[in-house]
Amino acid sequence: MNTVRDHVEELTWRGLLHDSMPGTREYLNQGPVSGYIGFDPTADSLHVGNMVQIMMLKHFQESGHRPIALVGGATGMVGDPSGKKSERNLLDEETLRHNQRCVGDQLARFIDFGSRTRPAELVNNYDWFKDMGFLRFIREVGKHISVGYMLAKDSVKNRMESGISFTEFTYQLVQGYDFYWLSKNKGCRLQMGGSDQWGNITTGAELIRRMDGGEAFALTTPLLTKADGSKFGKSEGGNIWLDAARTSPYKYYQFWVNATDADAARFAHIFTVWPRERVEALVAEHARAPHLRQLQKEVAAAITVMTHGRSELDAALRATEILFGGGTSEALGSLSEKQWLDVFDGVPQAEVPRDALSSGVPIVDLLSERSGFLPSKGEARRALKEGSISVNKTRAEEGRVIGTDDLISGRFILLQRGKKNYFLLKLG
RNA sequence: GGGGAGAUACCCAAGUGGCCAACGGGGGCAGACUGUAAAUCUGCUGCUUCACAGCUUCACAGGUUCGAAUCCUGUUCUCCCCA
């Protein structure tokens with residue numbers, strides 16, 4: 001089985017190709033090859049900001065090639081100056097090890113490590129750096145690259161004013177050596193990454209050329225920004241993580257379903273493996289009836305399944321239906337206790353003691369100190385004044401007192417500020 | 001080492017003895033509109049038993065004054081110029 005599809009063409013229509021080194025397309029079209037992308041183990045979970053690179057590996061595998069995910073245990077200890085204006089804090093080895101394991105597990109949800117024909121592989125550059133002494137490194141590697149060459153990189157140039165440590169200055173050589181090592185030991189002569197990695201990638205290609213006389217290739221992706229120019233991957237609550245414990249599948253689904261029209265179209269290209277006809281048909285359909293948000297829904301569903309699995313998506317959809325699907329107090333009452341807990345799994349919650357409730361709690365107290373939903377009573381009053389508070393899907397007035405009568409299914413009260421902020425109170 | 005400028009709420013930024021919880025902008029939150037969108041309009045955005053009331057707040061610590069973010073003293077930090 002040596003058939004591969006034209007990967008460069010595939011990336012092009014998906015809008016994922018920013019730049020490539022000469023000959024890369026031809027190299028890929030010869031047959032299955034290996035290609036790698038590095039991931040920083042700076043946290044014990046990846047977030048949606050990493051999704052472009054994750055999908056690069058996935059599309060690569062779908063095209064018939066063998067993806068290698070490199071977890072940067074060693075490079076994570078150094079710190080990449082690319083795109084950073086200040087020196088980075090170093091992580092200790094124990095933390096890095098933990099992060100590497102978690103990141104590896106997450107990648108396994110997207111790319112297939114068990115394929116017979118084109119299995120993905122996970123490597124950790126700490127393994128080839130841990131016994132590499134400083135003297136050996138500067139003799140074997142440093143010897144081949146001139147300081148002038150290194151200084152010419154943007155990542156270094158941009159930091160000459162504000163200052164850059166020798167450690168970060170050296171980073172490109174360390175990452176470059178990864179590329180060399182993989183080409184030598186794994187036959188991997190292609191590196192992929194974000195466009196900000198171009199400088200590091202070319203250093204690696206240069207090393208391969210000088211140390212081995214070998215040829216190397218590269219593919220980079222454009223930096224993804226949202227249609228309004230803001231940074232992709234952040235939302236009100238901060239980062240959107242791939243770890244369900246950090247970002248619930250419900251919130252994760254909501255993140256994607258809230259995409260603007262333009263973003264949703266791009267997400268369909270980048271974050272799904274749908275064939276071109278399907279993507280284009282959906283986009284066209286959406287253009288005819290944008291108010292249905294069909295594109296957002298399909299894209300969000302596809303990505304959520306890929307990340308968290310079918311059943312987590314179903315739970316997220318149920319929650320969405322209840323919270324946004326014109327849900328009413330009656331709809332809430334029809335849920336079983338288990339359904340309540342499932343549906344609101346991703347919603348912040350607090351417990352309140354029964355006796356407090358039986359004597360009645362003023363809504364202001366309930367919203368603020370009793371639950372922690374809103375930060376202060378002043379804030380709670382303000383919210384009530386603007387009419388943005390609902391209790392069990394029914395708008396609440398300032399004088400409202402909440403008692404046991406308001407409990408649904410004998411246990412729950414659903415608080416709501418505005419359309420999208422929910423809070424679940426449980427009887428303690 | 002010498003000289004100068006400055007530190008104000010999430011960010012930028014006015015204010016230079018009482019009318020300052022502190023103009024304005026950004027951001028954030030909410031309401032209307034809508035498609036859980038964008039754009040637009042409106043309101044809110046220190047705390048408190050929201051009241052033209054009280055309390056905490058304008059780098060930090062003291063002081064002057066009936067009264068200070070605003071004046072004085074000291075401390076810390078930042079920036080610029082000269083050497």
Side-chain angles (χ1 to χ4, degrees), chain A residues 85-86 161-163 225-232 234-240 247-268 282-301 303-304 313 315-328 331-332 343-344 346-348 356 359-391 393-402 414-423:
Chain A
K85 50 225 164 309
S86 58
E161 283 295 318
S162 56
T225 52
K226 293 204 281 189
D228 63 6
S230 63
K231 193 170 170 10
F232 166 77
K234 299 262 198 250
S235 92
E236 317 82 50
N239 262 331
I240 301 294
T247 300
S248 70
Y250 163 74
K251 277 191 75 177
Y252 188 78
Y253 174 81
Q254 284 292 322
F255 168 78
W256 294 106
V257 92
N258 269 310
T260 62
D261 295 349
D263 285 337
R266 281 194 307 155
F267 293 168
L282 271 170
V283 170
E285 196 182 311
H286 182 258
R288 276 195 301 276
H291 60 282
L292 295 179
R293 305 174 62 79
Q294 199 53 35
L295 184 60
Q296 277 90 338
K297 288 175 189 165
E298 300 234 14
V299 168
I303 299 175
T304 305
L313 168 67
L317 287 175
R318 273 201 306 279
T320 297
E321 177 53 33
I322 286 167
L323 298 180
F324 295 102
T328 57
L332 293 175
V343 163
F344 295 110
V347 170
S359 50
V361 182
I363 180 93
V364 170
D365 295 354
L366 193 74
L367 287 169
S368 50
E369 49 198 30
R370 208 90 222 184
S371 63
F373 181 29
L374 301 180
S376 69
K377 292 190 184 182
E379 180 78 21
R381 260 186 220 99
R382 233 175 270 132
L384 285 160
K385 231 170 239 156
E386 46 188 42
S388 61
I389 298 294
S390 292
V391 176
K393 284 276 173 193
T394 307
R395 188 145 296 184
E397 304 285 321
E398 174 150 7
R400 179 80 180 274
V401 174
I402 305 294
L414 183 65
L415 300 176
Q416 180 178 1
R417 164 104 190 255
K419 272 191 263 272
K420 298 185 188 178
N421 297 309
Y422 290 91
F423 194 94

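Only a predicted model underlies this, so the values are computations on that prediction, with no experimental measurement involved.
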message: Nearest to the D261(A) side chain among G31(B), G35(B), U34(B), which nucleotide is it?
response: G35(B)
query: Who is the Watson-Crick or G-U wobble partner of U56(B), with both distances under 3.5 Å?
result: none
task: With the side chain of E386(A) defined as its heavy atoms from C-beta on, choose the nearest nucleotide among U36(B), G43(B), G31(B).
output: G43(B)
Give me, pair by pair, the N or O atoms of the protein and of nucleotides 46-49 of chain B that are less than 3.5 Å apart, along with how far apart they are.
from, atom 1, to, atom 2, distance (Å)
C47(B), OP1, S376(A), OG, 3.1
C47(B), OP2, R382(A), NH2, 2.9
U48(B), OP1, K377(A), N, 2.9
U48(B), OP2, G378(A), N, 2.7
U49(B), OP2, K377(A), NZ, 2.7

Nucleotide N/O to protein N/O under 3.5 Å, stretch nucleotides 23-27 of chain B:
none

- prompt: Is the phosphate of G35(B), meaning OP1 or OP2, less than 4.0 Å from a side-chain N or O of N258(A)?
  reply: no
message: Could you tell me if the side chain of K297(A) sits less than 4.5 Å from the side chain of V257(A), heavy atoms only?
response: yes
task: Give a yes or no on this: more than 12 heavy atoms of other residues, nucleotides or ligands lie within 6.0 Å of atom CZ of R370(A).
output: no
message: Can you identify which nucleotide, out of G35(B), U36(B), A37(B), has its nearest atom closest to the T260(A) side chain?
response: A37(B)
query: Using atom C1' of each nucleotide, how far apart are C47(B) and A21(B) to the nearest Å?
result: 10 Å
statement: From CH2 of W256(A) across to C1' of G35(B) the rounded distance in Å is 20 Å
- prompt: Is the closest side-chain heavy-atom distance between E379(A) and R417(A) below 4.5 Å?
  reply: yes
message: What residues from residues 289-297 of chain A pass a heavy-atom cutoff of under 4.0 Å to RNA chain B?
response: P290(A), H291(A), R293(A), Q296(A)
task: Could you work out which one of A38(B), A32(B), G35(B) sits closest to the side chain of R395(A)?
output: A32(B)
task: Return the nucleotide paired to A13(B): Watson-Crick means purine N1 to pyrimidine N3 with N6-O4 or O6-N4, wobble means G-U with N1-O2 and O6-N3, both under 3.5 Å.
output: none
- request: Could you check which of G35(B), U36(B), C29(B) has an atom nearest any side-chain atom of F324(A)?
  value: U36(B)
query: Which whole-number value in Å describes the distance from Q416(A) CD to A30(B) C1'?
result: 12 Å
- prompt: Which nucleotide, in any strand shown, forms a Watson-Crick or G-U wobble pair with G1(B), with both distances under 3.5 Å?
  reply: C82(B)
